[in-house]
There are 2 protein chains.
Amino acid sequence: MVTMADVARRAGVSKATVSRAISQPEIVDAETRALVQAAITQLDYRPNEIARGLANRSSKTIGIIINRFDSLYYGSLLDGAEKAIAALGFKMLAESTRERAEGEREAWSSLLERQCEAVVVHCDSLDDAELANWMHERPKSVLMNRYLAAFEDRCIHLDNRRGGALAAKFLHAKGHRNIAMVTGPSKFYVVRDRSAGFTETLLDRGVTPTVIESDFLVQGGYDAVITLLEKEPSITGIFFQNDEMAAGAIEACRERGIIVPDDLSMIGFDDIPVAQHLMPKLTTIRQPLRDIGAAAGCLAHALATGVTDTSDIQRVFEAEVVERASVMEVK
Amino acid sequence: MVTMADVARRAGVSKATVSRAISQPEIVDAETRALVQAAITQLDYRPNEIARGLANRSSKTIGIIINRFDSLYYGSLLDGAEKAIAALGFKMLAESTRERAEGEREAWSSLLERQCEAVVVHCDSLDDAELANWMHERPKSVLMNRYLAAFEDRCIHLDNRRGGALAAKFLHAKGHRNIAMVTGPSKFYVVRDRSAGFTETLLDRGVTPTVIESDFLVQGGYDAVITLLEKEPSITGIFFQNDEMAAGAIEACRERGIIVPDDLSMIGFDDIPVAQHLMPKLTTIRQPLRDIGAAAGCLAHALATGVTDTSDIQRVFEAEVVERASVMEVK
DNA sequence: TATCCATATGTAACCGCGTTCATCAAGAAA
DNA sequence: TTTCTTGATGAACGCGGTTACATATGGATA
């Protein structure tokens, strides 16, 4: 490894001068600077960011904890976050938990040990108490797509309750009165919120939805719709808490000769790219994942650099209905 | 920040003892060790991995360069790589390039400066010469899904040529003789290989395919199939170099009353999760992305740790046909 | 009892870089 | 000529750990 000392020797100056020539070129004599530059290129010297971070007590890194990489949900969040963080001159360090509580703790420790100056947390397995502990101990941490009232201004999230309400209103407005909902695993924060918003809204309108818990997977949606139609054949509209489950349900219906949306209407959640290529094209609730990731990255950066006024960073994002062809008006 | 010195003071021992109590507990007296442990938990001390890396001259980190996070292609590769790397006790540091050559260079520099002990490279914009330079300068680097003959044993990749051939053979075996191919942007390495394999195989069988270059996007496939059918109405089978384009094409056909596969057969590439929910379900060529990522991670780790015998790590992976319902037998 | 060895701990140098502070040369002011 | 600035540079120390080497202690051995 070629170090600063090598460059200094080669250029016939001291290490200090090399350091200055790199970090503050203006305060070093033009002639000397050229000498140093030449030595750097000749030796193909690359500053050691690790050592530099140690000396500066700054890593210029923002950590981010997610469940997994192979999902467009997390991929979009990461994409938004990385773009924002990079634009601010920082690096993003992502760690996945594989949806295990232990994985979440490991990721947290790992990111802190690697001196991340702030960390963005997307955790589903840990309970509120432990998470609150984290947020309390590390004031430079941001919660993504989860809400803790005590740390309200460090939470960046979709208003899932309103998202659920949106689905309810949409189905109700289209005339549906026999309505069901297929949820994801209730351990997920977003599931509980979407469910609450959906159910409340319908109850307000005098409709009691049938609820069935599933697993966010295609097969789960497939099975759920079958169970549902056996139990409650009068149902005309179903809200699936993600698009994958809706896709499975559409398949199940096709195989059974049930026509969507003529016989049964469906609305999903997320607006994954598939949604618009299903047959019929899926009406769904879209969430601005990229924006959420970017906001979380910005807030983390602000906390890391000691910016106090973060009022320009949006904390709560709204979902919107994307109307396609899977919900039909009933009379 | 609580440092080792703090712990030492608290426990009434020297820094060296604390260090040893952490890294080599067995060589320190049980009593002392307990003292140190107590101090560590009392102070909530976390070793500074950055400083530790400096002292050890090892970061235990493997870098990985990808185009973007928000794609299941890269997501799956990352997933496979991270799992493998974590299992070996290393960390993965991912950087995205946003498909710009400059982004690739920046990522490369950044990963080296952060002292990654090896780096996995997935680059499409850089030409072979520059890439070869990298591979030459850094013997601890691995090329993923790209092939450079001079660095054969550091390339982990799908045999795209054979993948293309597979599609050709499949269509030909089903009786198709008027065949077209819709490719991705020819700047991509995989595109050139898939095209070569496909075309060669058909020429061998006396068929000359119509080729049209597109962009790997849904809309591109939509447009391509329309152009194609105008130009060559006799075509009965089309190979799309990824599933997204096939999805777009299916949509275009549905809108025009062309029945897939009765009127027109289609085969895709990748086997993205959508493929099985399209209507009709898409017959496609699957590539084992997770395995490829894992192999790249393993090889990088082997290089990083100086393992010389890496013959047990698979370098070339094979695609396979996943037959569903979008290709019909013709007589 | 003197010697030796094993074990346990402390001391200090070092990893690669940043930064303070002293130094020095040269030009301006007196 | 002397003194005071001013700008450029180098020596030394610190960042938080690791580790070779030195030191101290106690028991076994001769």
Side-chain angles (χ1 to χ4, degrees), chain A residues 1-40 43-61 89 91 109-117, chain B residues 1-40 43-61 89 91 109-117:
Chain A
M1 160 181 290
V2 30
T3 78
M4 208 166 222
D6 300 323
V7 177
R9 202 171 311 121
R10 176 82 171 222
V13 299
S14 73
K15 288 194 317 182
T17 301
V18 176
S19 172
R20 282 187 287 250
I22 292 174
S23 321
Q24 317 165 56
E26 62 282 1
I27 70 164
V28 39
D29 191 78
E31 210 170 315
T32 320
R33 202 191 314 150
L35 235 54
V36 173
Q37 266 308 329
I40 287 180
L43 297 173
D44 190 29
Y45 165 72
R46 292 176 196 276
N48 181 331
E49 276 299 328
I50 297 292
R52 182 180 272 198
L54 221 211
N56 282 334
R57 290 171 233 38
S58 93
S59 61
K60 285 191 173 278
T61 301
K91 299 289 174 184
S109 292
S110 164
L111 291 176
L112 292 183
E113 286 167 8
R114 302 181 120 214
Q115 309 303 113
C116 290
E117 300 186 33
Chain B
M1 162 181 288
V2 30
T3 77
M4 205 165 228
D6 300 323
V7 176
R9 202 170 312 122
R10 176 83 171 218
V13 299
S14 73
K15 282 197 324 182
T17 301
V18 175
S19 172
R20 281 186 287 248
I22 292 173
S23 325
Q24 318 165 55
E26 62 281 1
I27 71 164
V28 38
D29 191 77
E31 210 170 315
T32 321
R33 203 191 312 149
L35 235 55
V36 173
Q37 266 307 329
I40 288 179
L43 298 173
D44 190 30
Y45 165 74
R46 292 174 196 277
N48 181 330
E49 276 300 327
I50 298 293
R52 183 181 268 196
L54 219 213
N56 284 333
R57 291 167 223 59
S58 94
S59 62
K60 285 193 172 281
T61 301
K91 299 287 175 187
S109 292
S110 164
L111 291 176
L112 292 183
E113 286 168 10
R114 304 183 119 215
Q115 308 304 112
C116 289
E117 300 186 34

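Throughout, protein chains are lettered first and strands after them, A, B, ... in sequence-line order, and every chain is numbered starting at 1. On a predicted model such as this, the values are computed, not experimentally measured, just so you know.
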Please write out the pairs of protein N or O atoms and N or O atoms of nucleotides 19-25 of chain C separated by less than 3.5 Å, giving the distance to one decimal.
none

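- Nearest-nucleotide positions on DNA chain C place Ser14(B) closer to the 5' end than the other of Val2(A) and Ser14(B).
- Under 4.0 angstrom from either OP1 or OP2 of dC15(D) there lies no side-chain N or O belonging to Arg57(A).
- Within the structure, the salt bridge (Lys or Arg N to Asp or Glu O under 4.0 Å) test picks out the following pairs touching residues 3-29 of chain A (sequence neighbours left out): Asp6(A)-Arg9(A).
- The side chain of Thr17(A) has dG10(D) as its nearest neighbour among dC17(C), dG10(D), dC15(C).
- Both Ala51(B) and Ala30(B) lie close to DNA chain C; mapped to their nearest nucleotides by heavy-atom distance, the more 5′-ward contact belongs to Ala30(B).
- With sequence neighbours left out, the side-chain contact (heavy atoms from CB on, under 4.5 Å) criterion links Ser59(A) to Thr61(A), Gln115(A), Glu117(A).
- Only at 4.0 angstrom or more do the heavy atoms of residues 109-117 of chain A sit from any atom of DNA chain D, so none qualifies.
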Map every base of DNA chain C to its dot-bracket character, where paired means a Watson-Crick or G-U wobble contact with both distances under 3.5 Å and | marks a partner outside the strand.
-> ||||||||||||||||||||||||||||||

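- Partners of Leu35(B) according to the side-chain contact (heavy atoms from CB on, under 4.5 Å) rule, which considers only residues two or more places apart in sequence or in another chain, do not exist here.
- Between the side chain of Arg33(B) and the main chain of Val28(B), a donor-acceptor pair closer than 3.5 Å is present.
- In this entry the distance linking CD1 of Ile50(A) with P of dC17(C) reads 11 Å, nearest Å.
- Among the protein residues, Val18(B) comes within range of no part of the nucleic acid, since none of its heavy atoms lies under 4.0 Å from any strand.
- Interatomic distance, CE of Met4(A) versus OG of Ser14(A), reported as 9.5 Å (0.5 Å rounding).
- Considering only the side chain of Val13(A), dG10(D) comes nearest among dG16(D), dC17(C), dG10(D).
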